[in-house]
Amino acid sequence: MGARFEELAWRETPIGEISLRRRRDPSLDVDVYEVKLDDEFLMSSLFPVAEIELARLGLATLEGDALDVVVGGLGLGYTARTALEDPRVRSLVVVEAIEDVIDWHRRDLLPFTAGLATDPRTRFVRADFFAAVAGGSGFDPDAPGRRFHAVLLDVDHSPRQVLHPSHADFYTVAGLRRLADLLHHDGVFALWSNDPPDPAFQRVLTEVFPTSVAHVVRFPNPLQGRESANTVYVARH
């Protein structure tokens with residue numbers, strides 16, 4: 001079982017101090033892996049449901065095989081690992097701004113995403129997802145402007161609660177149009193949000209994408225003894 005608490009990694013970054021820690025929850029009798037940015041919790045292995053559903057819902061509407069997929073924001077790796085479980089996925093580009101987060105997975109610090117880094121379909125790209133979209137170069141350094149079948153994004157808390165002010169422009173009509181230019185026809189953009197469905201953001205989506213749906217993903221919250229919910233937006237190009 002090991003120690004009750006262990007800080008596995010820590011680093012000062014442009015957006016704050018990011019850390020990965022493991023703690024033993026005696027009430028649930030499980031090891032919990034958590035990511036913190038400064039004093040704020042970003043994610044926990046206790047609540048992976050919506051991150052998993054981001055990949056499942058995002059890929060479910062796509063047809064055909066040989067899918068090329070982008071995951072924006074690596075985190076604990078649930079979205080990327082779930083995407084690889086779809087046999088239609090031919091390639092997976094994971095765009096992550098913080099090298100240390102990529103290193104967590106290369107070092108197999110997270111047992112529930114074992115095999116992510118060594119899967120031959122996976123490619124880690126250290127880059128700012130939002131800058132890549134804004135600059136028009138896209139997500140593949142070897143093929144500027146390359147188009148993908150799906151882009152699955154989980155970085156900010158929500159379109160209104162961003163981790164850095166530079167991210168805000170992405171959630172506008174102009175920002176999403178630049179993202180749409182990096183999708184194949186009928187490609188999918190899927191977004192995780194900690195907030196309930198946002199009508200204002202849904203209107204922005206409808207100005208860029210022919211179809212969009214806000215899925216409410218509910219899951220038990222053992223810490224609070226109640227049900228919690230996140231939102232997964234899925235928009236079709």
Side-chain angles (χ1 to χ4, degrees), residues 48 50-75 77-97 102 105 113 115-156 159 170-171 173-193 201-202 204-215 217 230-237:
E51 287 86 345
I52 291 170
E53 287 303 303
L54 173 61
R56 290 180 177 167
L57 292 169
L59 299 180
T61 60
L62 290 170
E63 299 176 358
D65 298 320
L67 301 179
D68 298 317
V69 178
V70 170
V71 168
L74 177 54
Y78 284 106
T79 300
R81 192 73 190 88
T82 302
L84 289 176
E85 291 173 1
D86 189 323
R88 300 175 300 156
V89 172
R90 172 175 60 186
S91 71
L92 178 70
V93 174
V94 181
V95 181
E96 171 56 53
I102 296 173
H105 294 273
T113 56
L116 170 60
T118 56
D119 192 297
R121 295 171 292 171
T122 301
R123 180 183 180 189
F124 293 125
V125 174
R126 183 183 178 278
D128 182 326
F129 176 95
F130 303 96
V133 174
S137 59
F139 310 114
D140 186 343
D142 297 332
R146 177 186 171 192
R147 294 175 182 263
F148 292 83
H149 299 95
V151 173
L152 315 174
L153 178 60
D154 178 7
V155 174
D156 294 311
F170 174 81
Y171 300 100
V173 170
L176 290 177
R177 281 179 176 158
R178 287 190 286 268
L179 182 279
D181 288 340
L182 298 171
L183 289 172
H184 287 297
H185 176 67
D186 286 339
V188 165
F189 167 56
L191 171 71
W192 175 92
S193 172
F201 180 64
Q202 289 179 274
V204 172
L205 284 172
T206 60
E207 290 195 45
V208 179
F209 298 96
T211 62
S212 63
V213 179
H215 300 270
V217 179
N230 294 159
T231 302
V232 173
Y233 298 94
V234 178
R236 191 81 177 265
H237 187 31

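Computed from heavy atoms alone, side chains included, the values below leave out hydrogens, waters and symmetry copies. Computed from a prediction, not measured in an experiment: that's the story for all the values here.
- Closest approach of Leu62 to Gly187, counting heavy atoms only: CD2-CA, 4.3 Å.
- Between Glu53 and Val217, the shortest heavy-atom contact is CG-CG1, 4.0 Å.
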Problem set entry | Val188 vs Leu59, side-chain contact (heavy atoms from CB on, under 4.5 Å): CA-CA, chis, key distance, verdict | CA-CA 8 Å; Val188 165; Leu59 299 180; over 6 Å; no
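- The shortest non-hydrogen separation linking Phe129 to Gly72 is CD1-CA, 3.8 Å.
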For this session: Give the intermediate values and the outcome of side-chain contact (heavy atoms from CB on, under 4.5 Å) for residues Asn230 and Trp192.
Result: CA-CA 7 Å; Asn230 294 159; Trp192 175 92; 3.0 Å; yes
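- Taking CZ of Arg56 as the start and OG1 of Thr82 as the end, the distance is 6.0 Å to the nearest 0.5 Å.
- Taking NE2 of His184 as the start and CG of Asp68 as the end, the distance is 6.0 Å to the nearest 0.5 Å.
- With contacts defined as side-chain heavy-atom distances shorter than 4.5 Å, the pair Asp140/Arg123 qualifies.
- Counting all heavy atoms, side chain and backbone alike, Gly73 lies closest to Val155 at CA-CG2, 3.8 Å.
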Exercise. Could you go step by step and tell me if Val93 and Arg146 meet the side-chain contact (heavy atoms from CB on, under 4.5 Å) rule?
Worked result: CA-CA 11 Å; Val93 174; Arg146 177 186 171 192; 4.2 Å; yes
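- Looking at every heavy atom in both residues, Glu96 comes nearest to Leu74 through OE1-N, 2.9 Å.
- Across all non-hydrogen atoms, the minimal contact from Ala55 to Leu152 is CA-CD1, 3.8 Å.
- Between Phe189 and Phe209, the angle of the ring planes stays under 30°, which puts this pair in the parallel group of the 30/60° scheme.
- For the pair Phe148/Leu67, no side-chain contact is recorded, criterion being any heavy-atom separation below 4.5 Å from C-beta on.
- Between Val69 and His149, the closest side-chain pair of non-hydrogen atoms is not below 4.5 Å.
- For the atom pair Arg121 CZ and Arg90 CZ, the distance stands at 12.0 Å (nearest 0.5 Å).
- Looking at Leu191 and Phe201, their side chains come closer than 4.5 Å, going by heavy atoms from C-beta outward.
- Judged purely by atom type and a 3.5 angstrom limit, Thr122 uses its side chain to pair as donor or acceptor with the backbone of Leu116.
- Distance alone, capped at 3.5 Å, is enough to place a donor-acceptor pair between the Thr79 side chain and the Glu51 backbone.
- Separation of atoms CG (Leu54) and CG (Leu153) is listed at 8.0 Å; rounding is to 0.5 Å.
- Arg147 places no side-chain N or O within 3.5 Å of a backbone atom of Leu182 that could act as its donor or acceptor partner.
- To the nearest 0.5 Å, atoms CG (Leu84) and CG (Asp119) are separated by 4.5 Å.
- The OH atom of Tyr233 sits 9.5 Å away from the OG atom of Ser212 when rounded to the nearest 0.5 Å.
- There is a side-chain donor-acceptor pair under 3.5 Å between Tyr171 and Asp156.
- Using a 4.0 Å cut-off between charged side-chain N and carboxylate O, Asp65 and Arg88 make no salt bridge.
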